[in-house]
Amino acid sequence: MEKLKTFCHRQFIIFGGFNFEEKVDYLKQLNKPQALAVKTVEGPVMIIAGAGSGKTRVLTYRIAYLIEHGVDPFNILALTFTNKAAKEMKERIAKVVGITEARNLYMGTFHSVFSKILRAESDKIGFPNNFTIYDSDDSKNLIKTIIIEMGLDDKHYKPNMVQNRISSSKNSLINAIAYKMNEEIQMDDLEARKPKLGAIYERYTMRCFKASAMDFDDLLLKTFELFQKYPDVLHKYQHRFKFVLVDEFQDTNFAQYSIIKQLSALYQNICVVGDDAQSIYAFRGADITNILNFEKDYSDLKTFKLEQNYRSTKNIVAAANSVIAKNKHQLDKSVWTDNTEGAKIQVIKASTDNEEGNFIAQSIFGYRMNHQLANRDFAILYRTNVQSRALEEALRRLNIPYRIYGGLSFYQRREIKDLLSYFRLCVNHNDEEALKRIINYPTRGIGKSTLDKIIIGAAENDMSVWQVLENIKKLDINLSPAVAKKVDEFRQMIIGFESIVQQKSAFDAASFIASSCGLLKDLYSDKTPEGVNRYENVQELLNGIKEFTENNKDHKEGNGLPRYMEDIALLTDADKDEDDDKDRVTLMTIHASKGLEFPYVFVVGLEENLFPSQLSINSREELEEERRLFYVAITRAMTQLTFSYAQTRFKYGNLIHSDPSRFLHEVDEAYLDFSQAGNQQRIFQGKRMEASGNNLNSYSIPAHSQLKKLSISGKSTSIKGDPVGSFQTGLEVIHTRFGKGKILSIDGNGDNKMATIKFEKDGEKKLLLKFAKLQVVKD
DNA sequence: CCAAAGATTGTCACA
DNA sequence: CAATCTTTGG
């Protein structure tokens, strides 16, 4: 319980250190709106909580307040956005009301809470209680196989697109039947020349059912359907959860909102906490209008606004406000702070992504020295995960320890998924995706054509894939006896594993399976660095299982592998607690940083087409979401904020040029400090000229291959340097594309200086010296 | 059926 | 670039 997360460290010391005697005082620690929000416990309540306004504190104390006023923790449901948030809040509540009380709270993410309910009520919806939860890779694979099976072109029906379509339908509570019956949707699909989407959706649903599997979205959709179809079940949970609290309400989607409404319909003790300015998951179906609907759905709603920011300096708060003011769609609210003025936001300009990394690493090094800071005081936030690489290299060069959150999840790594697939298949034989993954890994002579035959056999006989294996001799699916024998051996191996799983602890079963299926040996024999790494990852997984086994020795539901699998299906690596006491710089995406705070924050890659993302600049809504994301990034910082951008950056192996992000211009200049930004001012001027009709777009050269070639040839100075002045008439030069040529004349000034060059091959060309990247021929 | 070489393609955030 | 899919020769 004492093991605290690095980021909440500070907050915890300030607000969390209550013991039992002190607990009476906690209300005095709250400001007026906070105290009201805590004490108004009956009826529907909405708390609009600005960034850093003590939202978690309010939620924590509200729950503590409920418990102290006689509410049984057993009757409280608190839904959070991440497992980690749930765990942390539980720890904080335990500090106030004691561990025994806190333990009975029902707290978790929507997905984890509803998966538990679905397992408990699985018979109602025709699923076994050991159903598998497909992650998005599993469902994408399945969708892809279905598209191919149906004889459709996967270039036209792109699996990713189909998956998104199905996912957003589910998030809007539209199941396959409703999808096919909805005329509007059918028209849309017809217009998009994708009339088979409904059929794919239907088949996908059927296949998941056959495999006893649910995807993430099913956990919501099926919970809703369960409650809708079985009023008695709903009634049970309504009585059970007399008080419902929802954190990060701005990020709930329609399905989640609908379930909350179902659950709280009887007592109406529903409290939602959120900030419309921090809604950053619309892409995943989150719907800001839930906040507006909430007012409509509950006429006696009481709304509280938390507007005092306790986290950041005046400068940071003001900068954030100046940015978010650009958004049209938002609730009326003004965040302010009593904190000190603080330093201005530093703006760093770098010529390349690598240089950006170096600047930031140096900057961290400098701050740390001058202000006696720890590594954990720093966070580097970026828009996309790929950006972490240059930063990592730079930090490593300066020996600054760091920790990356996100990226490829531990549980998504190939070797981990392989081993987990064995476990999954033991727990649920019908798990088609798990079976496909391991039936021939490690190789045992069951190739693609055999697998295809089995899958077709399953479809033709209306069976699960496993059932085909069970009846391999009876069914005539055209397998040679030798191959059929191999398949049967595989089946028997899994059955053998299953009996171990039933008898032994999770760790004993897991390590037995890992070694006897041949996976460990296969990885061990691979001595490449990646192979060694994979082996270590598997060991790490096994260590995790060992820990689980130890921790659950006395658990009433045992410490076997099936329970472990339920536990981890919905974990992300943000939930893995490891090395938290190590002092490291944090690297993460802005999305992952939501809810966290750091004294020193770097927001990097502030470039057009990166942040805001290229895919978001076409619609006002998407751009506003990007802006909210920027707002989230700014408001993570407590004392010092730094922005940075690079003029060139590698993307898919090509060097591309970038303009500074429009968001940089949206921050009121009064809060920015350009002294580190080189000729930043000139760039702003350039932008203005461009806007006023001068069409010479000097800051967006397309991704010329010349740039790349030149930088390889070692003349990187010419990218950021200023070679424009050194050319004169008569000089022999080499151009990377046009080859050798002679300068005939030069005209124009400064950045617009243009040379007329006669090339040996291509004749006369007029080139802007700034971009031509000419090399002088030396005799 | 398999491994290795070659071609293709994604192209943003996450439970 | 890197992950994934397809082709090819054994």
Side-chain angles (χ1 to χ4, degrees), chain A residues 79-86 108-115 133-141 144 148 154-155 158-161 163-164 167 170-171 214-220 248 251-253 255-256 279-286 353 381-387 389-390 405-409 411-414 440-452 479-480 482-483 486 530 568-575 588-594 605 609-617 622 625-626 628-630 632-633 649-656 703 708:
Chain A
L79 296 166
T80 59
F81 195 69
T82 60
N83 292 298
K84 189 176 159 149
T109 62
F110 281 89
H111 289 88
S112 71
V113 168
F114 297 156
S115 75
I133 296 171
Y134 275 175
D135 68 19
S136 41
D137 289 337
D138 295 323
S139 51
K140 193 161 89 195
N141 283 337
K144 203 173 166 195
I148 290 164
D154 66 345
K155 296 276 187 313
K158 290 201 167 140
N160 266 328
M161 174 259 142
Q163 188 184 27
N164 282 334
S167 171
K170 287 181 178 176
N171 285 331
M214 296 197 199
D215 63 23
F216 289 138
D217 306 310
D218 282 333
L219 297 176
L220 306 176
E248 309 283 10
D251 290 323
T252 53
N253 59 39
Q256 291 165 325
S279 163
I280 53 173
Y281 283 98
F283 74 92
R284 207 166 78 187
D353 45 359
L381 309 181
Y382 35 80
R383 180 65 178 82
T384 65
N385 278 309
V386 282
Q387 291 170 255
R389 222 168 78 177
Y405 290 79
L408 186 59
S409 159
Y411 300 102
Q412 281 180 310
R413 287 180 202 169
R414 178 155 58 102
N440 197 35
Y441 177 76
T443 48
R444 42 177 78 89
I446 305 170
K448 195 180 176 307
S449 59
T450 309
L451 186 56
D452 283 345
L479 290 186
S480 72
V483 176
K486 284 176 187 164
E530 302 88 56
I568 63 148
L570 295 165
L571 282 193
T572 61
D573 16 297
D575 303 316
M588 55 169 63
T589 63
I590 301 168
H591 281 89
S593 76
K594 192 179 66 169
N609 297 332
L610 179 62
F611 192 19
S613 153
Q614 194 164 13
L615 300 159
S616 307
I617 53 178
E622 285 175 311
E625 172 145 323
E626 292 281 309
R628 291 192 296 270
L629 191 58
F630 187 44
V632 168
R649 173 180 298 279
F650 274 97
K651 194 175 190 182
Y652 303 127
N654 291 79
L655 189 64
I656 58 146
K708 191 182 174 185

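No experiment lies behind these values; they were computed from the predicted model shown. Order of the sequence lines sets the chain letters (A, B, ...), proteins ahead of strands, with each chain counted from 1. Just the heavy atoms: all of them, side chains too, but no hydrogens, waters or symmetry mates, feed the values below.
For A:H591, whose side chain is taken as the heavy atoms from C-beta onward, the closest listed nucleotide among C:dC5, B:dA13, B:dA15 is B:dA13. Taking the side chain of A:Y281 as heavy atoms from C-beta on, and the options C:dC5, B:dC12, B:dC14, the nearest nucleotide is B:dC14. Side-chain proximity of A:T109 to B:dA15, B:dA3, B:dA13: nearest is B:dA15. Comparing B:dA15, B:dC12, B:dA3 against the side chain of A:E626 picks out B:dC12 as the nearest. Listed nucleotides: B:dC12, C:dC5, B:dT9. Nearest to the side chain of A:K144: C:dC5. Distance from the side chain of A:S613 is smallest for B:dC12 among the nucleotides B:dA3, B:dA13, B:dC12. The listed nucleotides are B:dG10, B:dA3, B:dA15; the one nearest the side chain of A:K158 is B:dG10.
Close to B:dC14, at under 4.0 Å from its OP1 or OP2, lies a side-chain N or O of A:T589. Neither OP1 nor OP2 of B:dA15 sits under 4.0 Å from any side-chain N or O of A:N253. Residue A:N160 places no side-chain N or O under 4.0 Å from the OP1 or OP2 atom of B:dT9. Between A:K594 and B:dC14 there is no side-chain N or O to OP1 or OP2 distance below 4.0 Å.
Annotation: side-chain hydrogen bond (donor to acceptor under 3.5 Å, both in side chains) contacts of A:S616 (sequence neighbours excluded): A:E626.
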